[in-house]
Amino acid sequence: MGDIADLTAKTYEIARLIPHGRVTTYGHIARLAGYPNYSRHVGNALKMLPPDSTVPWQRVISSKGIISPRGDQGLGVARQRDRLEQEGVVVTTLAGAGGEKVDIRAYGWFPENVELDG
DNA sequence: CTCATGACTTCGG
DNA sequence: ACCGAAGCCATGA
């Protein structure tokens, strides 16, 4: 523990706990994993997953409630939006470059703590 | 060592 | 509510 590999493993473990049709944030996963201030690395861990991974990476969004842009012409964002809508999450396109937004008050999942492993 | 970069977050204006 | 700046930390050039 105490390294990025550990944070990566916990990120996947926690992501699997997010209920179907709900979402949480990079920062919250970082805190639950015991690595506050490592939200960017949570995003990095999800980035490494293959597109067809069983880890529900689509349920992780930014604290602003939008699907984080990827510098890939919006392809990743589109895939994430599709996967979310597929499980009943309403995603709205904000005006201009506002991004794809999820109502975090309606779909947010923010437990104080979680049981890892076990 | 310094700089830039990122699926980030928070704070001010 | 919308931005931009600042804070954040590993990684690679």
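Below, chains carry the letters A, B, ... as their sequence lines are ordered, and counting in each starts from 1. All heavy atoms count here, side chains included; hydrogens, waters and symmetry mates do not.
Here, C:dC8 and B:dG6 have their C1' atoms 12 Å apart, quoted to the whole Å. For the C1' atoms, the distance linking B:dC1 with C:dA13 amounts to 12 Å, nearest Å. Rounded to whole Å, the separation between the P atoms of C:dA6 and B:dC3 comes to 16 Å.
For A:Tyr38 and C:dA10, the shortest distance from a side-chain N or O to OP1 or OP2 is below 4.0 Å.
For the pair A:Asp72 CG and B:dG6 P, the computed distance is 12 Å after rounding to whole Å. Computed from coordinates, the A:Ile4 CD1 to B:dG6 P distance equals 18 Å when rounded to whole Å. The distance from atom CG of A:Asn44 to atom C1' of B:dA4 is 15 Å, rounded to the nearest whole Å. Going from atom NZ of A:Lys47 over to atom P of C:dT11 covers 12 Å, rounded to whole Å. Going from atom CG of A:Asn37 over to atom C1' of B:dT9 covers 9 Å, rounded to whole Å. Atom C1' of nucleotide B:dC8 and atom CD of A:Gln80 are separated by 14 Å, given to the nearest angstrom. At whole-Å resolution of the value, CZ in A:Arg31 and C1' in C:dC9 are 16 Å apart.
The side chain of A:Ser62 sits closest to B:dC8 out of B:dA7, B:dT10, B:dC8. When each of B:dC8, B:dT10, C:dC9 is scored by its nearest atom to the side-chain atoms of A:Ser68, the top-ranked nucleotide is B:dC8. Distance from the side chain of A:Lys64 is smallest for B:dT10 among the nucleotides C:dC9, B:dT10, B:dA7.
When heavy atoms are screened at a 4.0 angstrom cut-off, A:Tyr26 is found touching base atoms of the nucleic acid. Across all strands shown, A:Leu46 has heavy atoms under 4.0 Å from base atoms, whether or not it also approaches the sugar-phosphate. Contacts of A:Gly76 with the nucleic acid, taken as non-hydrogen atoms under 4.0 Å apart, are absent.
Each of A:Val55, A:Val23, A:Thr24, A:Val114 was compared with A:Ile18 under the side chain to side chain contact (heavy atoms under 4.5 Å, CB included) criterion, and only A:Thr24 meets it.
Ring-plane geometry between A:Tyr38 and A:His41 is classed as tilted, the angle between the planes lying from 30 to 60 degrees on a 0 to 90 degree scale.
Looking only at atom types and distance, the side chain of A:Gln58 has a donor-acceptor partner in the side chain of A:Glu87 under 3.5 Å away.
For the pair A:Tyr26 (side chain) and A:Asn44 (backbone), a donor-acceptor distance under 3.5 Å is absent.
Residues A:Leu49 and A:Leu46 form a side-chain contact, since some pair of their non-hydrogen atoms from C-beta on lies under 4.5 Å apart.
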